[in-house]
J.: 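Provided herewith is a single structure, encoded as structure tokens, for subsequent inquiry.
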Amino acid sequence: KIADAINGVSREHEEELKKIFPHAASKITHVTNGVHPAHWMFPELRESVQAGRDLSGTDLLAIHERARGNFFKTIYEKTGGDRGGKRFSKDRFTIGFNRRFQRYKNLDLPCLYLEAVMAPYGKKVRTELGELKGLGGQFIAAGMAPESDTNMLEEICRYKDTCAHEPYAAFIEESSIPLMEHFACGLDLHLSMPELLAEAAGTSPDRCAQNGIPTVANWTGSIPEWMRHFEWKLGTGNGFVVRPELTSPFEQYCQVQYFAMLWHRAHEGNEAAKIVFETLTKNVFDAGKNRDIAITLEGYRRLLHRLCAS
């Protein structure tokens with residue numbers, strides 16, 4: 001009642017708040033979170049952008065390949081490398097995340113089809129979701145949970161146990177800025193499917209987008225403000241968007257499967273697939289430019305100016 005303005009963070013949350021508090025609708029607005037590209041971009045990519053280079057999809061993928069090398073070096077150090085029986089390979093695509101563990105983030109979804117992620121591409125395997133086709137990839141994730149959240153601590157233990165016995169999977173119980181930087185640059189596909197309306201404006205998809213890395217996301221939070229589903233025939237879109245009514249682990253698998261098909265064909269030398277993959281990477285990178293924290297700060301500046309003038 002005494003607030004002069006209420007920030008819903010994302011446009012979606014602004015609309016929901018107005019439904020819940022119609023008497024305060026005129027006070028409710030949104031200023032969406034952003035991230036600082038100079039911090040989260042891979043150093044070589046950041047230098048190229050600052051130098052004013054017009055980067056093509058081919059350029060971005062070449063830089064990403066070097067970022068992947070740094071990422072795998074860090075993962076080997078964190079997991080003990082081959083001493084732990086891991087066989088991470090640059091010849092496999094990598095999906096994953098590095099996020100704060102909270103129930104609403106639905107971070108357990110990949111565990112339900114993990115066997116399919118690691119199985120040889122096209123080979124049918126049994127998973128908790130039933131029989132699925134193998135994707136020929138690997139899964140690497142990291143995160144922490146508040147000590148007070150015993151349920152999520154148990155979930156982390158399940159992740160660690162699940163990944164511990166798999167050759168192409170790892171979970172690192174850590175959530176540090178340096179490790180988050182490596183994930184933002186080194187993954188091939190990022191996963192983010194929180195419960196609908198539960199997350200106002202998560203920034204992990206933004207950090208990845210600033211490095212040209214797409215995300216499998218559902219239509220909630222700030223995602224509707226900037227992400228569009230990739231349509232390969234049209235060359236439009238900058239991610240893999242799951243509609244609200246289809247939010248499920250199987251739908252996440254389906255989107256990862258599409259990415260796997262595209263990745264494998266491009267890396268096998270299929271020229272059409274290479275062009276599509278380069279287009280996707282370029283689209284994601286261009287969208288990432290608009291996730292700049294400077295835009296967020298400008299939004300707060302305008303909000304403050306409005307409050308001071310009233």
Side-chain angles (χ1 to χ4, degrees), residues 35-82 86-98 117 135-142 168-170 172 174 176-191 203-216 230 238-239 256 259-260 262-271 273-289 291-292:
V35 293
H36 188 32
H39 181 87
W40 295 106
M41 279 185 182
F42 183 59
E44 181 183 346
L45 179 58
R46 180 176 64 244
E47 291 168 6
S48 296
V49 171
Q50 292 175 341
R53 285 187 59 197
D54 183 16
L55 298 168
S56 65
T58 304
D59 296 328
L60 292 168
L61 287 172
I63 294 173
H64 178 58
E65 196 61 29
R66 291 186 281 277
R68 292 177 87 228
N70 282 13
F71 175 67
F72 284 118
K73 180 180 178 182
T74 298
I75 297 304
Y76 268 100
E77 292 172 352
K78 296 288 185 181
T79 61
D82 290 328
K86 302 298 181 181
R87 299 196 298 270
F88 298 121
S89 170
K90 291 179 68 176
D91 295 326
R92 284 174 169 254
F93 72 90
T94 306
I95 66 171
F97 55 79
N98 183 358
V117 172
L135 305 182
Q138 51 202 5
F139 173 76
I140 304 175
Y168 294 111
I172 303 166
E174 179 182 331
S176 64
I177 295 298
L179 189 59
M180 291 169 69
E181 292 170 357
H182 283 291
F183 271 80
C185 303
L187 290 174
D188 294 305
L189 182 65
H190 177 250
L191 306 177
T203 55
S204 56
D206 305 41
R207 297 194 295 268
C208 290
Q210 291 185 343
N211 287 282
I213 299 169
T215 292
V216 175
F230 182 64
N238 48 38
V256 177
F259 175 85
L262 183 59
W263 191 92
H264 283 291
R265 289 186 180 179
H267 284 75
E268 289 167 358
N270 183 299
E271 289 300 322
K274 287 172 66 177
I275 292 172
V276 173
F277 201 69
E278 290 168 1
T279 300
L280 169 63
T281 303
K282 176 66 171 172
N283 290 359
V284 174
F285 177 71
D286 288 343
K289 295 177 182 177
R291 310 309 301 158
D292 196 322

J.: I need the F285 CZ to S56 OG distance, nearest 0.5 Å.
T.: 10.5 Å
J.: Measure across A67 and C185 and return the closest heavy-atom pair with its distance rounded to 0.1 Å.
T.: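 Answer, listing the atom of A67 first, then C185: CB-O, 3.6 Å.
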J.: Check this for me: does any side-chain nitrogen of one of R92 and D188 sit under 4.0 Å from a carboxylate oxygen of the other?
T.: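 No, no charged N to carboxylate O under 4.0 Å.
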J.: How long is the span from the CG atom in N211 to the CG atom in L45, to the nearest 0.5 Å?
T.: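 So the CG of N211 and the CG of L45 are separated by 5.5 Å.
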J.: Name all residues meeting the salt bridge (charged side-chain N to carboxylate O under 4.0 Å, His left out) criterion together with R53; count only those two or more places apart in sequence or in a different chain, and write none if there are none.
T.: D59
J.: Is any side-chain heavy atom of M180 closer than 4.5 Å to a side-chain heavy atom of W40?
T.: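 M180 reaches W40 side chain to side chain.
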J.: Would you check if the side chain of R68 reaches a backbone N or O of K90 as a donor-acceptor pair within less than 3.5 Å?
T.: yes
J.: Can you name the nearest heavy-atom pair linking A273 to A266, along with the distance?
T.: CB-N, 3.6 Å
J.: Which atoms form the tightest heavy-atom contact between P214 and L280, and what is the distance?
T.: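 The pair with the smallest heavy-atom distance is CG-CD2, 4.2 Å.
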J.: Would you say the side chain of S204 lies within less than 4.5 Å of the side chain of H190, judging by non-hydrogen atoms?
T.: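 A side-chain contact exists here, since the closest heavy-atom pair is under 4.5 Å.
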J.: Suppose we call two aromatic rings close when their centres sit under 6.0 Å apart. Are F277 and F230 close by that rule?
T.: no
J.: Using the rule given for side-chain contact (heavy atoms from CB on, under 4.5 Å), can you reason through H39 versus E181, listing the C-alpha separation, both sets of side-chain angles and the distance that settles it, and then say yes or no?
T.: CA-CA 8 Å; H39 181 87; E181 292 170 357; 2.8 Å; yes
J.: Which heavy atom of I213 sits nearest a heavy atom of A184, and at what distance?
T.: CD1-O, 3.1 Å
J.: Would you give the length of the straight line joining atom OG1 of T203 to atom CZ of R291, rounded to the nearest 0.5 angstrom?
T.: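 Atom-to-atom, T203:OG1 and R291:CZ are 10.0 Å apart.
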J.: When you check the side-chain N and O atoms of N98 and H182, is any donor under 3.5 Å from an acceptor?
T.: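 Distance-only check fails for N98 and H182.
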J.: Before giving the answer on side-chain contact (heavy atoms from CB on, under 4.5 Å), spell out for I63 and S48 the whole-Å C-alpha distance, their side-chain angles and the decisive distance to 0.1 Å.
T.: CA-CA 10 Å; I63 294 173; S48 296; 4.2 Å; yes
J.: For F183, run the ring pair (Phe, Tyr, Trp, His ring centres under 6.0 Å) check against F42, F97, F71 and tell me which one passes.
T.: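 Exactly one pass, corresponding to F71.
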J.: What closest approach, in Å, do I75 and I172 show between heavy atoms, and which atom pair accounts for it?
T.: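 Closest heavy-atom pair between I75 and I172: CD1-CD1, 3.7 Å.
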J.: Tell me if a side-chain donor or acceptor on Q138 pairs with a main-chain N or O of S89 at a distance below 3.5 Å.
T.: yes
J.: Report yes or no: does Y76 contribute a side-chain atom to a donor-acceptor pair with the main-chain N or O of F88 at less than 3.5 Å?
T.: yes
J.: Check this for me: does any side-chain nitrogen of one of E268 and R265 sit under 4.0 Å from a carboxylate oxygen of the other?
T.: no
J.: So H267 and W263, ring-ring contact (aromatic ring centres under 6.0 Å, His included) or not? Walk me through it.
T.: CA-CA 6 Å; H267 284 75; W263 191 92; 3.8 Å; yes
J.: Taking the side chain from H64 and the backbone from T281, do they hold a donor-acceptor pair closer than 3.5 Å?
T.: no
J.: Where do K289 and Q210 land on the side-chain contact (heavy atoms from CB on, under 4.5 Å) test, with the steps shown first?
T.: CA-CA 6 Å; K289 295 177 182 177; Q210 291 185 343; over 6 Å; no
J.: Under the salt bridge (charged side-chain N to carboxylate O under 4.0 Å, His left out) rule, collect the residues that match up with E44, sequence neighbours excluded.
T.: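 E44 satisfies salt bridge (charged side-chain N to carboxylate O under 4.0 Å, His left out) with R66 once adjacent residues are dropped.
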J.: Going by heavy atoms in the side chains, are F72 and T94 under 4.5 Å from each other?
T.: yes
J.: Set out, in order, the CA-CA distance, both residues' side-chain angles and the distance that settles side-chain contact (heavy atoms from CB on, under 4.5 Å) for L189 and T215, then state yes or no.
T.: CA-CA 6 Å; L189 182 65; T215 292; 5.9 Å; no
J.: Side-chain contact, heavy-atom cut-off 4.5 Å: N238 with D286?
T.: no
J.: Heavy-atom distance under 4.5 Å between the side chains of V216 and F259, does that happen here?
T.: no
